[in-house]
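Structure first, commentary second.
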Amino acid sequence: MLRLQSALPERYTTAHPDQLARWIGDAKQALGSRLLILGHHYQRDEVMRWADAHGDSFGLSRIAAERRDAEFVVFCGVHFMAESADILTGDHQQVVLPDLNAGCSMADMADVGAVEETWDVLGGVTDTDRVVPVTYMNSSAALKAFVGRHGGVVCTSSNAQAVLTWALRPDRSGVTRGDQVLFFPDQHLGRNTGFQMGYKPDDMAVWDPRQDRGGLDDLTLKTSSLLLWKGHCSVHQRFSPAHVAAFRAEHPDGIVVVHPECAHETVELADQVGSTDFIIRAVAAAPPGSVIGVGTEIHLVKRLDDESPDKTVVSLDPLVCPCSTMFRIDAAHLAWILEGLVAGEVRNRITVDPETAKWAKVALDQMLITV
Ligand code: 13P
Ligand code: SF4
């Protein structure tokens, strides 16, 4: 999705890193408790050093919602995270994204128009009252609102199994909410969770939005327990079984931990799988002297290695690239945003319109009461 971020003034692009650090420090001090800087685990160190809280996508939004005194929430992460923070914070709080082009390529793989068309096709072959739409946190507010309007729920990488269990398995009184889930935008998180719950390959089908009727026949559309949107994360999809094999050949006693956005063939070879927060806990719990091969974004892997002097933490893919959109947020953008706030100018505010926010919040709240 094209979001237009204008070029930064030269003052910021030509400044020495020490100068940027001074400007950020001064602005932070001037704004005091009016300011809350949130840093996602994939951010650069030059940004993370200024964050008041580090966390995963959902955890940070929760912190934003709890810190009611913070007038300005500067979200060092990507667009969908800033939108979620805007939905969960009060009207008196303003959420800012330091670079408007910091999107998420996976979130952009499912747009609300395409999902609405899919819903219509499903309505022609099955009873959509029995289909529960589930969207991963990594999606636009418009998609979360779609899900809220249709009785569905949001999930994150740490609670996907609990959410799908709520959607598909009988509750305490023996009633099931639905017979099928339409899961978007990440096919891998959906598939990995489906396998964890005991579903078989034939129970899951991939809906390809580029093909007529998703590329699926009516019987498959009617009978698949999980319809998985054909989306992926370009960072995590790169980790392959060959990377795991090469790591194990070099470190026979090593531990492999991957994010569930990796392909299933890779996940099934790992020792542990979980969200960014889970990966941090897994490294902390590993015995001293461990060598841990991690399948996630490189900034988090490097930080874990730096912060664990008694362990060796490496990326499973020696050639892994950073998440290019997370990488857009740097000290220069942060300094530009903060100096604007000190001067009374709110740059790059992210707002979700009230109707979209209302329904997206229904889907987010459903997640909170489900897990
Ligand atoms: P987390 O929810 O685990 O932070 O993941 C966000 C993300 O973008 C993973 O690629
Ligand atoms: Fe999106 Fe992948 Fe980047 Fe996460 S790592 S923000 S899913 S592109």
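When a ligand or atom number is given, it counts from 1 through the structure's own listing order.
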**Request:** Give a yes or no on whether a salt bridge exists between Arg34 and Asp69, defined as a side-chain N under 4.0 angstrom from a carboxylate O.
**Result:** no
**Request:** Could you tell me whether Phe146 and His150 have their ring centroids closer than 6.0 angstrom?
**Result:** yes
**Request:** Just let me know how Glu261 lines up against ligand 2, side chain, backbone, both or neither, with a heavy-atom cut-off below 4.0 Å.
**Result:** side chain
**Prompt:** Got a second to check how far Thr325's OG1 is from Asp99's CG, nearest 0.5 Å?
**Reply:** 9.5 Å
**Message:** What I want to find out is whether Asp186 reaches Arg191 closely enough, with some N-O distance under 4.0 Å, to be called a salt bridge.
**Reply:** no
**Request:** Tell me, yes or no, whether the heavy-atom count around Asp212 atom CG, taken from other residues, nucleotides or ligands under 6.0 Å, exceeds 12.
**Result:** no
**Request:** Around atom 1 (Fe) of ligand 2, list the protein N/O/S atoms within a radius below 2.8 Å, excluding water molecules.
**Result:** Cys104 SG
**Message:** With a 4.0 Å cut-off on N to O distance, would you call Arg11 and Glu339 a salt bridge?
**Reply:** yes
**Message:** Ring-plane angle category for Trp23 and Tyr12, please: parallel below 30°, perpendicular beyond 60°, tilted otherwise.
**Reply:** perpendicular
Put together the list of close N/O pairs, under 3.5 Å, between ligand 1 and the protein, could you?
unit_1	atom_1	unit_2	atom_2	d
ligand 1	2 (O)	Ser57	OG	2.9
ligand 1	3 (O)	Ser157	OG	3.2
ligand 1	3 (O)	His259	NE2	3.2
ligand 1	3 (O)	Thr276	N	3.1
ligand 1	3 (O)	Thr276	OG1	3.0
ligand 1	4 (O)	His40	NE2	2.7
ligand 1	4 (O)	Ser57	N	3.3
ligand 1	4 (O)	Thr276	OG1	2.9
ligand 1	8 (O)	Asn138	ND2	3.2
ligand 1	10 (O)	Glu261	OE1	2.9
ligand 1	10 (O)	Glu261	OE2	3.2

**Prompt:** Parallel under 30°, tilted from 30 to 60°, perpendicular over 60°: which one fits the rings of Trp336 and His333?
**Reply:** perpendicular
**Request:** Spell out, as yes or no, whether a donor-acceptor pair under 3.5 Å connects the side chain of Asp208 to the backbone of Gly215.
**Result:** no
**Message:** Ring-plane angle category for His236 and Phe239, please: parallel below 30°, perpendicular beyond 60°, tilted otherwise.
**Reply:** tilted
